[in-house]
Amino acid sequence: MIHDATIAPTDPHAGSAATSQPDAFTPPADSSLWRKDFLLGAATASYQIEGAIHEDGRLPSIWDTFSATPGKVVGGQTGEFACDHYHRWESDLDLLTQLNFEAYRLSIAWPRVMDEAGRPNAKGIDFYKRLLGRLKEKGLKTFVTLYHWDLPQHLEDRGGWLNRDTAYRLADYADLTSRKLTGQVDSWATLNEPWCSAYLGYAEGRHAPGRTNGRYATQAMHHLLLGHGLSVQALRANDPRSQKGLVANFGRGTANSEHPADQRAAHLFEVQHNAWVLDPLLKGSYPEDLFELWPGTEPLVLEGDMETISVSMDFLGANYYFRSNVKSDGAHGFTEVPLEGVERTQLGWEVNPDGLRDLLIGFNRTYANLPPVYITENGMASDDAVVGGRVDDSQRIAFLKRHMAAVDEAIKAGVDIRGYFVWSLLDNFEWAYGYAPRFGVVHVDYDTQQRTIKHSGELIAKFLAERRARG
Ligand code: FCB
């Protein structure tokens, strides 16, 4: 197997531009990131890395269908091969140890582990058993997400997240996997970013299943969150020693002017991105402002649903990427006004570490019952290339350093944050954008499947080795 991923301190290129700032990443001595009990890891998701979509009884998922639909993904790309992780998982896990990570966040592919009748697929389950077993042998903490967007297509054919029954099917899946994998998982997240599933999948149609009816999004969200609550019950019953929670994406919205209408627009942006998920989970109700933004879209809520949804969680996973500057749209909502002269990534996303700090501090003030937080995703895309055997991703190095500093500031302001996962271990299939955006700390050559640790990965490994050495 071609696998060029060694960290060579005596590399002949050392001292070149790529390595001229050896301390460009390592946090300052007073940073909470040096604390031994602060966990540092890397994250991936099944559909983005596994490939092997037809193997060992895996069923089709909504992302297979969506990406095979012309015009949905840039260049018509799909997850059919992706990083071929299904076959290369052992050497990919070796990368985690080479990089000195302490934890790994992965997701299970629902269509791999259950058949249409809800029966276990032994081969699929065995794959995750072996993978998690190896992670445990390596001494890594395992953070497993059940639903990172790859809904079995047969459930979509019955209405997907618009069908209340899908929430119960998610709980069946949680029940099955937690019975089969008990003891191998330190932390279970029921859902990844329900905002993306509901809003991008059902209102905007930029993600699978590609529906474009604004009224659907709130109902889809309700069923996703109901599925979360039901799943936590199943996970608690089967695997009491692990942590249970949910991973959400959060958006920072700032106002384009002091004008009250623009201030209100920024507030509504954050209601739509954050409170839509956090209020039901932590307060047991949907934010009223959401229905000012989207009048008449109240979901059908049955008696007892909100109690199920607001089941207590052991942790909240927070994913953060960028800030949005908004103004009033002159009616009920907001419209984005991209700022000039700010740093952006390959995807045009604004680099704004303060947004992460401010959100975390804000949530801590708003929700008295905010559980301990893990930053379950943070990172950036750049158009990285291997040059002379090395990948210089200096923008990512600065990005990660600044965002980790923002996390440290939030901790010092009193937020209980227990860990940070970089998105991502590997370059991978970036959903509707295809393979061009590269988020990994390890570069993937999709023609040869060769992996090359980027400069950011080298500096993370160095910091984590120093941390370990301090004991
Ligand atoms: C998040 C997703 C993750 C990845 C990053 C860049 O929204 O959870 O799978 O695509 O964005």
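We count residues from 1, following the sequence as given. Whatever order the structure lists them in is the order used to number ligands and atoms, beginning at 1. Predicted model only: the values in this text are computed from it and were never measured.
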Please tabulate protein-ligand N/O pairs under 3.5 Å for ligand 1, atom names and distances to 0.1 Å.
residue, atom, partner, partner atom, Å
ligand 1, 7 (O), E193, OE1, 2.5
ligand 1, 7 (O), E193, OE2, 3.0
ligand 1, 8 (O), H148, NE2, 3.3
ligand 1, 8 (O), N192, ND2, 2.9
ligand 1, 8 (O), E193, OE1, 3.4
ligand 1, 8 (O), E193, OE2, 3.3
ligand 1, 8 (O), E377, OE1, 3.1
ligand 1, 8 (O), E377, OE2, 3.0
ligand 1, 9 (O), Q48, OE1, 2.7
ligand 1, 9 (O), H148, NE2, 2.8
ligand 1, 9 (O), W431, NE1, 3.0
ligand 1, 10 (O), Q48, NE2, 3.2
ligand 1, 10 (O), E430, OE1, 2.7
ligand 1, 10 (O), E430, OE2, 3.1
ligand 1, 10 (O), W431, NE1, 2.9

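The ring of W294 has its center closer than 6.0 angstrom to the ring center of Y199. Residues Y374 and F143 place their aromatic rings such that the two centres sit under 6.0 Å apart.
Just one of D92, D94, D84 meets the salt bridge (charged side-chain N to carboxylate O under 4.0 Å, His left out) condition when paired with R451; it is D92. Evaluated for a side-chain hydrogen bond (donor to acceptor under 3.5 Å, both in side chains) with Y321, the options E377, E350, R252 yield exactly one hit, E377.
For the pair R58 and F127, the cation-pi criterion (under 6.0 Å, within 45° of the ring axis) is not fulfilled.
Contact record, Y320 with R323: OH-N, 3.7 Å, taken as the closest heavy-atom pair.
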